[in-house]
Structure formats: structure tokens, C-alpha cells
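Working notes, structure below.
A, B, ... follow the sequence lines: proteins, then strands. Residue 1 opens every chain.
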Amino acid sequence: MTARKRYWLMKSEPDAFSIDDLQRVGTEPWNGVRNYQARNFMRDGMKVGDGILFYHSNTKVPGIVGLATVASEAYPDDTQFDPKSDYHDPKSTREEPRWMLVDVAFERKLAQVIALDEIKLHADELGEGFPLTAKGNRLSVFPVTAAQWKRLLSLEKKSS
DNA sequence: GCCAACGTTGGC
DNA sequence: GCCAACGTTGGC
């Protein structure tokens with residue numbers, strides 16, 4: 001039984017962890033996610049080999065900057081247990097960890113950023129509920145359909 | 001740096 | 001269980 005490959009988008013602030021950082025280290029535990037919806041996607045949805053759109057948020061030109069793959073099943077995020085970590089969660093225990101993560105492996109950088117501005121031009125095709133173009137746009141991990149994945153990556157070739 | 005959106009917390 | 005207060009995200 002091989003499950004069909006799924007697709008995801010994951011946000012990171014480049015000041016904290018950029019696509020270049022991922023390229024340098026190769027594989028990175030995606031720690032620091034403290035949102036239940038995002039956690040559930042990692043814990044219940046992700047399988048090794050799934051495709052990831054790597055998105056830079058909170059930066060001059062927010063947008064998709066590279067591709068990565070899911071490199072592990074979900075496991076507890078160690079930073080939740082570390083009192084010295086910014087991500088420490090005093091209510092979490094090793095017996096009942098609250099926060100899970102997956103490892104993310106570098107695949108490639110895009111030839112050019114697919115800017116949020118560009119993505120917004122195609123909001124209609126991506127669908128009403130697409131989190132990047134929906135009002136709010138705060139969710140940092142969410143699924144992308146095969147059609148959305150294809151449509152988004154087709155924008156890479158175009159010059160803005 | 002500002003602020004809208006929105007998730008979480010805690011008093012009641 | 002409601003909801004005001006508060007904290008965080010992220011575009012601009």
C-alpha cells in the first residue's frame with residue numbers, strides 16, 4: 001500500500017531560518033510550531049517523501065523560495081521541554097508531549113521567488129479557501145492540492 | 001513600526 | 001461556556 005504523495009506549504013521567517021539555511025544543513029527538524037492546526041497537519045497528514053513549498057514570511061518580498069521534502073514521520077519537538085528555549089512549553093511533558101514536528105529535507109531553490117504579489121494575481125484559480133490568499137494568512141503549515149502545486153510552480157518560469 | 005486578523009487564556 | 005484581554009503572526 002503506497003499512499004499517494006501529498007503536498008504542503010511551510011512558512012519560515014528567513015531571519016530565523018531561510019531556504020539557504022536549509023540548503024546548508026540539508027535536513028532540519030521543523031521545530032517551534034505552536035499552533036494546533038499546523039501541528040495536526042504535521043502529525044496526522046505528512047508522510048515521508050511528501051512535497052513542500054518553502055515560503056519566506058515576514059520579509060521584504062514574501063513568497064515561495066524553494067522546494068523541500070518531508071524526511072521523517074512526526075515526533076515530539078524537543079524544544080518544548082527546554083526551559084531555556086524560546087519554544088519552551090511548561091505545560092508539556094515527555095510523557096504527554098503537546099508539540100510534534102517532522103524533519104524537512106532540502107530539495108532545491110527556485111530560479112526566482114514566486115512572490116506573494118504574483119500568487120495573489122492567481123487567487124481565483126487557487127480557490128477561495130487557499131490560506132495564502134485568504135484573509136488573515138497566518139497559518140504556517142497547510143496542505144496544497146496537486147493542482148495548486150502545479151499551478152504555483154508554473155509561475156516560477158514566468159518573469160514577474 | 002503599525003495594525004488587522006485571529007488563536008489562546010482565564011475570570012466569571 | 002462566554003467573552004474580554006492579551007499575545008502573535010505577517011503584510012504593508
SB check A:Arg6 A:Asp50 (cutoff 4.0 Å): no

Residue among A:Tyr36, A:Tyr75, A:Phe81, A:Tyr87 satisfying ring pair (Phe, Tyr, Trp, His ring centres under 6.0 Å) with A:Trp99: A:Tyr36

Proximity to the side chain of A:Lys135 - top-ranked nucleotide from C:dG11, B:dT9, B:dC6: B:dC6

Under 4.0 angstrom between A:Tyr55 side-chain N/O and C:dG11 OP1 or OP2: yes

Centroid-centroid under 6.0 Å between A:Phe106 and A:Phe54 rings: no

Single-linkage hydrophobic cluster, 4.5 Å side-chain cutoff, A:Val33 and A:Val25 together: yes

Upstream residue (5' side of DNA chain B) when A:Lys91 and A:Gly136 are each assigned their closest nucleotide: A:Gly136

Angle of first-five versus last-five pair axes in the helix from B:dG1-C:dC12 to B:dC12-C:dG1, to 10 degrees: 10°

Separation of C:dT8 C1' from A:Asn58 CG (nearest whole Å): 10 Å

Parallel, tilted or perpendicular: ring planes of A:Phe17 versus A:Trp30, cut at 30 and 60 degrees: perpendicular

Donor/acceptor link under 3.5 angstrom from A:Arg138 side chain onto base of C:dT8: yes

Touch class at under 4.0 angstrom, heavy-atom based, for A:Lys120 against every strand present: sugar-phosphate

Residue pair A:Leu110 / A:Ile64: nearest heavy atoms and the distance that separates them: CD1-O, 3.5 Å

